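Beneath this line is the structure, given in structure tokens, with notes to follow.
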Amino acid sequence: MLIDWFTVGAQVVNFAILVWLLKRFLYKPIIDAIDAREKRIALALADADAKTAEAQKERDEFLAKSEEFDRQRATLFIQATEEAHAERRRLFDEARQAAEELRVKRQEAIRNEASLLHEAISRRTREEVFAITRKTLADLATTNLEERLVEVFTRRLEEMDDKVKTDLVASLTKTSDPAIVRTAFELPPAQQAVLQNALNETFSTEIRIRFETAPNLISGIELATDGQKIAWSIADYLLSLERAIDELLQEEKQTEAKLEPSTQERTNP
Amino acid sequence: MRLTPDEIIFWQYGFFKLNATIVFTWMLMFLLAVGAKLITRHLSTDLTRSRWQNLLEIIVTTIEKQISEVGLSQPRPYLGFLGTLFLFIAAASLCTIFPGYEPPTGSLSTTAALSLCVFVAVPFYGIAEQGLPEYLHSYMKPTLIMLPFNIISEISRTLALAIRLFGNMMSGTMIIAILLTITPFIFPILMTLLGLLTGMVQAYIFSILAAVYIAAAAQVRKTRQKVDNDRNHQHVHILP
């Protein structure tokens, strides 16, 4: 008999025990270990996924920020450019204005300088004329300028028409102040006496006179009372001389102005 | 001529006896249990692990995969029974390389015991999965006429399991024994190698067949549900 039933029973029991043993010592621990590892891996993967998602989110945020930054930079750049343009325009305007002011000032200065120069020339001319006259008179007629001036002034007084004369007398007698005789130079006492006599004779009354010197009245003499004035000087002659010189200068300027454009035309092809 | 290790009796007291089959079975049990205990004593749940743990994990996951490929989509409850069947038969065959060892699977008593276990396990899992009435009803499928044939098939396939394994293991050892008497050198070693191969194949066949039987018993309802679902699905496809 190939089958021994006791052995069959024993083997069934043995097999049952083996199933229990292997379940206890093999399958359960191994499966638990595998499950634990898979769980760990799953957790690690989930963590990695979360990190990837977070990284993606951060990347998106960064990109958005970067774009925002670019946009802001562009805006700021445009703004800065506009401001720079405005500033440049403002500076240009300021510079132009300053240049304009400077030009005006310079013109003013030139004008002042010209007028000063003009004045200086006039004064110098008067002085020179006066000096020449004085010298010429001394050389030719052995007389001095002061004498001649007083002489001329007295002759003019005599030649005055009556209406002016009466007005002057009225003016002279009305005031208690003495009449003022201004000359460009200090009159010698002889001349003063001559002048006093001439005035007394002319106005037929005793006239009180005070002598003053006024350097502006170059080679001139004037009698001033309250509101009335009689004067003679070489200023009129000098004025006509100035006019003549001015005309000459104007002619020269016009000539230069005419010449300049033609020069420019030649230099600019 | 000794056909089975049952015949080697070390001790006997009336009905009780201690023969080579039982002793070698105990040795195998000890080897498997202690080996498993030693290896699984320091299991690592980390990514790095020992080679032995790796080997055991490969064995266990391969068995699991095979069971699920048979049709048991949730292999965990069946792993203890089917895995032990495979490991026991495989270990019994592999140990034939040791001289003086008699595989317990070369005894018809052992194979009959294993077949009986399968014979019991099939309805056990079937009932656990479907419930008793449903399981019993499955014997009358497709018609009541099939009831005796189903029962005969149940018994005959158990017998076939027992005798197939016994025949293969017994013939292996028998051939080696005969060859040893004729050509004592080299040729028996080749036959031992062949015996190892057939032993592994038998272990695989036995456990896979057991898995198929259990799957057939446990999956009847699910299969029918699946068929119904497929049919409904087809309807859905046809209707429009």
Side-chain angles (χ1 to χ4, degrees), chain A residues 1-70, chain B residues 3-7 9 12 14-19 21-22 25-26 28-30 32-41 43-47 49 53 56-57 59-61 63-64 76 79-81 83-85 87-88 104 107-117 120 162-163 166 170:
Chain A
M1 185 61 180
L2 284 173
I3 293 182
D4 177 48
W5 289 109
F6 170 74
T7 314
V8 171
Q11 289 296 72
V12 167
V13 174
N14 282 340
F15 182 72
I17 292 168
L18 184 64
V19 168
W20 181 80
L21 282 174
L22 287 188
K23 263 191 182 174
R24 171 89 170 71
F25 294 123
L26 181 64
Y27 305 125
K28 194 176 180 301
I30 290 287
I31 282 172
D32 285 351
I34 291 171
D35 285 351
R37 185 180 308 116
E38 280 177 356
K39 200 176 167 188
R40 273 181 72 148
I41 291 168
L43 277 175
L45 284 176
D47 190 40
D49 282 348
K51 278 181 181 160
T52 310
E54 199 180 340
Q56 182 66 35
K57 196 180 146 201
E58 280 180 8
R59 185 174 169 275
D60 290 348
E61 274 179 15
F62 174 75
L63 279 178
K65 276 185 186 168
S66 175
E67 277 173 15
E68 179 64 27
F69 175 73
D70 283 350
Chain B
L3 282 179
T4 157
D6 286 6
E7 292 167 13
I9 296 169
Q12 187 162 18
F15 183 63
F16 301 97
K17 58 185 119 181
L18 196 63
N19 53 32
T21 308
I22 296 172
T25 302
W26 283 351
L28 284 176
M29 283 166 70
F30 180 78
L32 286 171
V34 171
K37 173 69 187 164
L38 284 177
I39 295 168
T40 57
R41 198 173 39 178
L43 280 183
S44 146
T45 57
D46 216 334
L47 291 176
R49 49 198 185 267
Q53 185 183 343
L56 285 194
E57 282 186 10
I59 290 170
V60 170
T61 48
I63 293 170
E64 247 187 0
R76 290 279 163 89
L79 183 64
F81 179 70
T84 310
L85 265 183
L87 288 178
F88 177 66
S107 146
L108 189 59
S109 306
T110 309
T111 56
L114 295 179
S115 301
L116 275 176
C117 288
V120 173
I163 290 168
F166 165 69
M170 184 269 286

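The sequence lines fix the lettering, A, B, ..., with proteins before strands; numbering per chain opens at 1. If you're wondering where the values come from, they're calculated on a predicted model, not measured in any experiment.
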Chain A contact via [X] - which portion, at a heavy-atom distance below 4.5 Å:
X	result
B:Arg41	neither
B:Ile22	both
B:Ile59	neither
B:Phe16	both
B:Leu32	both
B:Thr61	side chain
B:Leu18	neither

Exercise for review: Would you please go through residues 29-46 of chain A and name the residues with a non-hydrogen atom below 4.5 Å from one of chain B, in numerical order?
Suggested key: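 The stretch touches chain B at A:Pro29, A:Ile30, A:Ile31, A:Ala33, A:Ile34, A:Asp35, A:Ala36, A:Arg37, A:Arg40, A:Ile41.
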Review point. Among residues 47-63 of chain A, which ones touch chain B with a heavy-atom distance under 4.5 Å?
Key: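 Within residues 47-63 of chain A, no residue comes under 4.5 Å of chain B, counting heavy atoms only.
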Please list, one pair per line, the donor and acceptor atoms closer than 3.5 Å that link side chains of residues 14-24 of chain A to other protein atoms, with sequence neighbours excluded.
unit_1, atom_1, unit_2, atom_2, d
A:Asn14, OD1, B:Trp26, NE1, 2.9
A:Asn14, ND2, A:Ala10, O, 3.4
A:Asn14, ND2, A:Gln11, OE1, 3.0

What option among [options] has the most heavy-atom pairs under 4.5 Å with chain A?
options	result
B:Leu28, B:Val120, B:Ile39, B:Leu85	B:Leu85
B:Val34, B:Leu38, B:Leu116, B:Thr25	B:Thr25
B:Glu57, B:Glu64, B:Gln53	B:Glu57
B:Ser109, B:Gly35, B:Cys117, B:Ala112	B:Ser109

Practice item. Name the option with the most non-hydrogen atom pairs under 4.5 Å to chain B; the candidates are A:Leu26, A:Val12, A:Thr7. Key: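 The residue among A:Leu26, A:Val12, A:Thr7 with the greatest pair count is A:Thr7.
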Review point. Without hydrogens or angle criteria, can the side chains of B:Asp6 and B:Ser107 be said to hold a donor-acceptor pair below 3.5 Å?
Key: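 Present: a donor and an acceptor within the cut-off.
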Review point. How would you list, by chain and number, every residue that makes a salt bridge (charged side-chain N to carboxylate O under 4.0 Å, His left out) with A:Glu68, sequence neighbours excluded?
Key: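 If we apply the salt bridge (charged side-chain N to carboxylate O under 4.0 Å, His left out) test to A:Glu68, skipping adjacent residues, the hits are A:Arg71.
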Check your understanding: B:Gly83 and B:Ile63: which non-hydrogen atoms are nearest, and at how many Å?
Key ->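 Shortest heavy-atom contact: CA-CG2, 3.9 Å.
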Practice item. Locate the shortest heavy-atom distance separating B:Pro104 from B:Thr110; write the atom from each residue and the value. Key: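 Scanning both residues, the minimum pair turns out to be O-OG1, 2.8 Å.
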Check your understanding: Has the side chain of B:Thr111 got a donor or acceptor atom that lies under 3.5 Å from a matching backbone atom of B:Ala162?
Key ->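 Confirmed, B:Thr111 side chain pairs with B:Ala162 backbone.
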**Study point:** Rounded distance [0.5 Å steps], OG1 in B:Thr84 versus OH in A:Tyr27
**Key:**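 Here the rounded value is 3.5 Å.
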